[in-house]
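Structure first, then comments.
First the proteins, then the strands, lettered A, B, ... as listed; each starts at 1.
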Amino acid sequence: MNRKILVTSALPYANGPIHLGHLVEYIQTDIWVRYQKLRGHQCIYLCADDTHGTAIMIRAKNEGRSEEELIASMSESHQRDFERFGIEFDHYGSTNSKENKELCGVFWTSLRNAGLITERSIEQLYDPEANTFLADRFVRGTCPKCGLTDQAGDNCNCGHTYNPTDLIDPKSTLSGATPVLRNAVHLFVELEKLREFLTKWVEEGNHLQTEVANYLKGHFLSDELRDWDVSRPAPYFGFEIPDAPGNYWYVWFDAPIGYIATTQQWCQKNDESLADWWRNDACEIHHFIGKDITYFHTLFWPGMLQTAGFNLPTRVHIHGFLTINGEKMSKSKGTFIAADTYLKYNNPSYLRYFYATKLTQRVEDLDLGLDEFVRKVNTDLVGKVVNLASRVGKFAQQTGLAEHYPDDGGLFAKGAEAGEEIAAAYECKDYSKAIRRIMELADAANPYVEHAKPWEMKKDPEKQDDLQSVCTVAINLFRQLTIYLAPVLPDLAQQCSQWLGEPIQSWDQSKSHLLGTKVGKFNRMLDRVQIEDLEKMIEESKNTTEEPQEPASSLFCDSDQPLKDEPLAEEISIEDFAKVDLRVARVLSAEHVPEANKLLKLQLSLGGDETRQVFAGIKAAYEPEQLVGRLVVMVANLKPRKMRFGLSEGMVTAAGPGGADVFILGIDDGAQPGQRVH
RNA sequence: GGGGCUGUAGCUCAGUUGGUUAGAGCUGGGGACUCAUAAUCCCUAGGUCGCGGGUUCAAGUCCUGCCAGCCCUACCA
């Protein structure tokens, strides 16, 4: 049966370049789409840049250009990266399009007509200098619970959460101004009214992975669903709400509608009808997303679609995050690797293959271990698969392929038989299983050549027919593997097509032999990974900021952003400073605090028997073992503070915005624990 | 505190509806070959299936308690 399938990946935000984390999703989706196309289904893969919101507005302002200019250059960079990784969209749009604006209007009217929109005034912090309301993440201040300074608007390193309005001495990170409270009317979608529908949708019909359905039932559907705030007052970069002038649709309102708007654009290009895709029960809709945006795609979005009478998602496919060597990606460790940086040193096929070997249908994080990466690519992909072609290449160029398929001991037939199992694994996104099966076939193919000894036949004029037979078998087995790998490795499929003069276009080609043709000159298809290249890639990723900046005009051209983020404090006297007793201390021990998200528990020595216990919010940035033994600078006379996990008797000094970007102050050699910092 | 997921050889994982001596690949050790990108092939090492109970004729596989790791939450979405 020929299926009609529309597939999307999450829309990348136009606020930064594509990195290896993003690519987990796009590669996962692209493999699925290529698989469906290979199986002969009508499948289109759509994506777009997500362009609206405060972050874009602020960034454009900081860069001194219009939002439109910013998003246009981002879109270009995103599309270039995707293309180089072989991510093949049928159309790539933007949420800042007229089609999207119109469709937002359609959804809005439906929600209004269904009586789901309500309005109420909410109190929010407002930056009087930047003239804008502040989302939580744009406010920092002193934690009302523990007194730590410079904490985020909604939670503190001490583990407490609060409203930004509770912060002591709050500051806007945009201007440094003290925010003021202002009232503004916001528009809300009353999600609770859709509870019955949503519960049913989550529970029935196999739209979600079971752990996701459980999560939704446990966290949201077990309680009254909160109204969803879908408007933002001016200034805001987005679409103004027609019947509420001065208010804009929140970026998360228009972003998913971008899926449909992008379909609309594709339809216009291809003379198709939007209704065939989005108002047609025979059409499947598949969204691929990361676990962080589960909630938008599994509650709001189905609610919106249902209300506006569009197709509901057939399935939302949710994946976990990327970790590198078992740790979260970190800029300081050089594991925040931009697509562009990767491509300077490595072949995109490596990453596609590696991800495929690791991806399953579960929502778990995917770890890119560098050693494992090298091993899988070199041993499995190059050593087993590509080698099969490489080792008979020269012979085959002379012999060509036999007219009739020789006896291969049932290898090809066995491979053909495995095809449906491999296909089923691709279908349910268990790529790891698909690759495993394919490698089993590759494992059987090499011994065949080994035992046939074609190199001996080559020397014996009597055995030229046998040599041709061996080449025919080896090449057919290689071709079969390549077809199975085609969704993952389109480049390899392309090379194989060219070599054998037969395009790979359909899964079913794996069931039939290629016979009686000449074989072209064999060209090396894939080089082995060099570990040094990976190291260079990591090294280069270490010091780059999130996006490449303009070229440096002088040797030192540090960004002014940190100072903007946290303006200088008011002037103090030398006496004021003298009150703060900074001391050199040695880290005696460091350990994780089981229940704490951000804290490490440190024992610091000030020399002799003088020790202090300190809880430091540096868990995301440092491993305990990195710290033991090193010297730090601590605030030694800070009033001890009772925390949930115990008493904290001081503070370790560090710079940086927090999270994984925390940098502990070091001290030059020679300093001794207990010495005061003047 | 609540919820979810995971825990099988050094590493990455498979283990179908519970059923004979728990599997694979890689790494390690030994050997072979030379067509091939120091690729390949053969042999070999090796695990109280996180721990403790329970159900059963029979449990890695079901139930339960505990432990560990990861993730999500903590009255924000």
Side-chain angles (χ1 to χ4, degrees), chain A residues 135-137 152-155 159-164 188 191 209-220 222-230 250 252 291-296 299-300 318 320-321 323 326-328 354 357-358 360 362-369 371-397 421 425 430 432-433 435-440 442-459 467 470-471 474 478 522-530 592 594-595 597 644:
Chain A
D136 292 359
R137 66 178 182 284
D154 52 355
N155 73 90
H160 287 116
T161 56
Y162 39 77
N163 283 321
F188 294 81
L191 221 53
Q209 287 125 300
T210 50
E211 64 258 57
V212 175
N214 287 341
Y215 160 71
L216 292 172
K217 279 187 271 184
H219 279 280
F220 300 102
S222 60
D223 220 332
E224 188 175 323
L225 291 166
R226 258 164 254 281
D227 294 346
W228 180 33
D229 186 350
V230 291
Y250 175 46
W252 265 111
K291 62 184 178 181
D292 52 328
I293 54 176
T294 295
Y295 160 92
F296 295 100
L299 293 178
F300 296 157
I318 301 174
F321 294 150
T323 57
E327 296 178 352
K328 281 186 183 172
F354 180 77
T357 66
K358 302 287 278 186
T360 68
R362 290 209 215 92
V363 192
E364 61 199 4
D365 289 353
L366 186 163
D367 185 52
L368 195 169
D371 292 340
E372 195 190 354
F373 181 90
V374 171
R375 205 228 83 212
K376 279 192 160 149
V377 171
N378 288 350
T379 306
D380 294 346
L381 192 54
V382 181
K384 287 180 183 169
V385 178
V386 179
N387 184 236
L388 192 58
S390 180
R391 67 191 308 188
V392 296
K394 248 184 252 163
F395 304 143
Q397 195 183 347
E421 199 191 341
D430 198 347
S432 135
K433 183 173 180 181
I435 299 291
R436 235 172 18 245
R437 291 285 167 271
I438 295 169
M439 284 309 138
E440 280 171 17
D443 276 335
N446 273 304
Y448 168 84
V449 179
E450 192 77 18
H451 295 133
K453 302 192 196 323
W455 55 93
E456 287 180 4
M457 296 170 176
K458 177 75 171 35
K459 294 170 192 157
L467 181 61
V470 174
C471 290
F478 171 71
F522 178 80
N523 295 311
R524 179 184 274 248
M525 290 175 171
L526 197 64
D527 290 316
R528 295 160 64 78
V529 193
Q530 303 299 321
H592 287 291
E595 310 93 76
N597 294 328
R644 194 173 127 207

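- At the heavy-atom level, A:M525 lies under 4.0 Å from base atoms of the strands shown.
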For this session: Starting from the C-alpha separation in whole Å, work towards a yes-or-no answer on salt bridge (charged side-chain N to carboxylate O under 4.0 Å, His left out) for A:R375 and A:E372.
Result: CA-CA 5 Å; A:R375 205 228 83 212; A:E372 195 190 354; 5.5 Å; no
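- Among the protein residues, A:V212 comes within range of no part of the nucleic acid, since none of its heavy atoms lies under 4.0 Å from any strand.
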Expected rows: protein N/O vs nucleotides 44-47 of chain B N/O, under 3.5 Å:
none

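- The distance from atom CD of A:E364 to atom P of B:C70 is 15 Å, rounded to the nearest whole Å.
- Between A:D365 and A:K328 there is no salt bridge, since no side-chain nitrogen of the basic residue lies less than 4.0 Å from a carboxylate oxygen of the acidic one.
- Atom C1' of nucleotide B:U40 and atom NZ of A:K453 are separated by 12 Å, given to the nearest angstrom.
- The interatomic distance linking A:I438 (CD1) with B:C13 (P) rounds to 18 Å, in whole Å.
- In this structure a side-chain-to-backbone donor-acceptor pair under 3.5 Å is missing from A:T379 to A:K376.
- The separation of B:U48 from B:A22, taken at their P atoms, amounts to 12 Å, rounded to a whole angstrom.
- Distance, A:D292 CG to B:C70 C1': 16 Å, rounded to whole Å.
- B:G50 sits 36 Å from B:C75 when the P atoms are compared, rounded to a whole Å.
- Residue A:Y250 comes nearest to A:D229 through the heavy atom pair CD2-O, 3.8 Å, listed as atom of the first residue, atom of the second, then distance.
- As rounded to the nearest Å, B:G2 and B:A45 have C1' atoms that lie 47 Å from one another.
- Taking atom C1' on both nucleotides, B:U64 is separated from B:C41 by 50 Å, rounded to a whole Å.
- Pairing each heavy atom of A:K291 with each of A:I318, the nearest pair is CA-CG2, 3.5 Å.
- Of the P atoms belonging to B:U55 and B:U61, the separation is 15 Å, rounded to the nearest Å.
- Remark: P of B:U40 and CZ of A:F478 are 15 Å apart, rounded to the nearest angstrom.
- Interatomic distance, A:T294 OG1 to A:L216 CG, rounded to the nearest 0.5 Å: 7.0 Å.
- Counting any heavy atom pair closer than 4.0 Å across all strands shown, A:L388 reaches no nucleic acid atom.
- Among the atoms of the strands shown, none is found under 4.0 Å from any heavy atom of A:K433.
- Taking atom CD1 of A:I435 as the reference point, atom P of B:U12 lies 19 Å away to the nearest angstrom.
- The shortest distance between side-chain heavy atoms of A:F395 and A:K458 falls below 4.5 Å.
- Of all nucleotides listed (B:U37, B:C41, B:U12), B:U12 comes nearest to the side chain of A:E372.
- In this structure, A:K328 reaches the sugar-phosphate backbone alone: every heavy-atom distance under 4.0 Å involves primed, P, OP1 or OP2 atoms, never a base.
- Remark: A:D430 engages no residue in a salt bridge (Lys or Arg N to Asp or Glu O under 4.0 Å) (not counting sequence neighbours).
- Closest of all the heavy-atom pairs between A:C471 and A:A396 is SG-N, 3.8 Å.
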Exercise. Going through the checks in order, is the ring pair (Phe, Tyr, Trp, His ring centres under 6.0 Å) test met by A:F300 and A:W252?
Worked result: CA-CA 9 Å; A:F300 296 157; A:W252 265 111; 8.8 Å; no
With a cut-off of 3.5 Å and sequence neighbours excluded, list every side-chain donor-acceptor pair involving residues 381-392 of chain A.
| unit_1 | atom_1 | unit_2 | atom_2 | d |
| --- | --- | --- | --- | --- |
| A:K384 | NZ | A:D443 | OD1 | 2.9 |
| A:R391 | NH1 | A:N446 | OD1 | 2.9 |
| A:R391 | NH2 | A:E450 | OE1 | 3.0 |

Exercise. Can you give one letter per nucleotide of nucleotides 24-36 of chain B, going 5' to 3': B for a protein heavy atom under 4.0 Å from the base, S for sugar-phosphate only, - for none?
Worked result: -SS------SSBB
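- A 4.5 Å side-chain heavy-atom check between A:T323 and A:L368 finds every atom pair outside the cut-off.
- Annotation: side chain of A:F220 is not in contact with side chain of A:K217 (no heavy-atom distance under 4.5 Å).
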Exercise. Pairing of RNA chain B as dot-bracket, 5' to 3': ( ) intra-strand, [ ] crossing, | other strand, . unpaired, with Watson-Crick or G-U pairs under 3.5 Å?
Worked result: (((((((..((((.....[...)))).(((((.......))))).....(((((..]....))))))))))))....
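- Remark: the separation of the P atoms in B:A58 and B:G54 is 12 Å, to the nearest Å.
- When heavy atoms are screened at a 4.0 angstrom cut-off, A:K358 is found touching the sugar-phosphate backbone but no base atom.
- With RNA chain B read from its 5' end, the first of the two nearest nucleotides for A:N378 and A:D227 is the one closest to A:N378.
- Comparing B:C72, B:C71, B:U37 by their closest approach to the side chain of A:Y215 singles out B:C72.
- Nucleotides B:G30 and B:U20 place their P atoms 36 Å apart, quoted to the nearest Å.
- Residues forming a salt bridge (Lys or Arg N to Asp or Glu O under 4.0 Å) with A:E364 (at least two apart in sequence, or on another chain): A:R362.
- The CG atom of A:D527 sits 11 Å away from the P atom of B:U37 (whole-angstrom rounding).
- Taking atom P in both B:U56 and B:A9, the straight-line distance is 30 Å, to the nearest Å.
- Among the heavy atoms of the strands lying under 4.0 Å from A:F300 are primed sugar atoms or P, OP1, OP2 only; no base atom is included.
- Distance CZ (A:R528) to C1' (B:A39): 7 Å, rounded to an integer number of Å.
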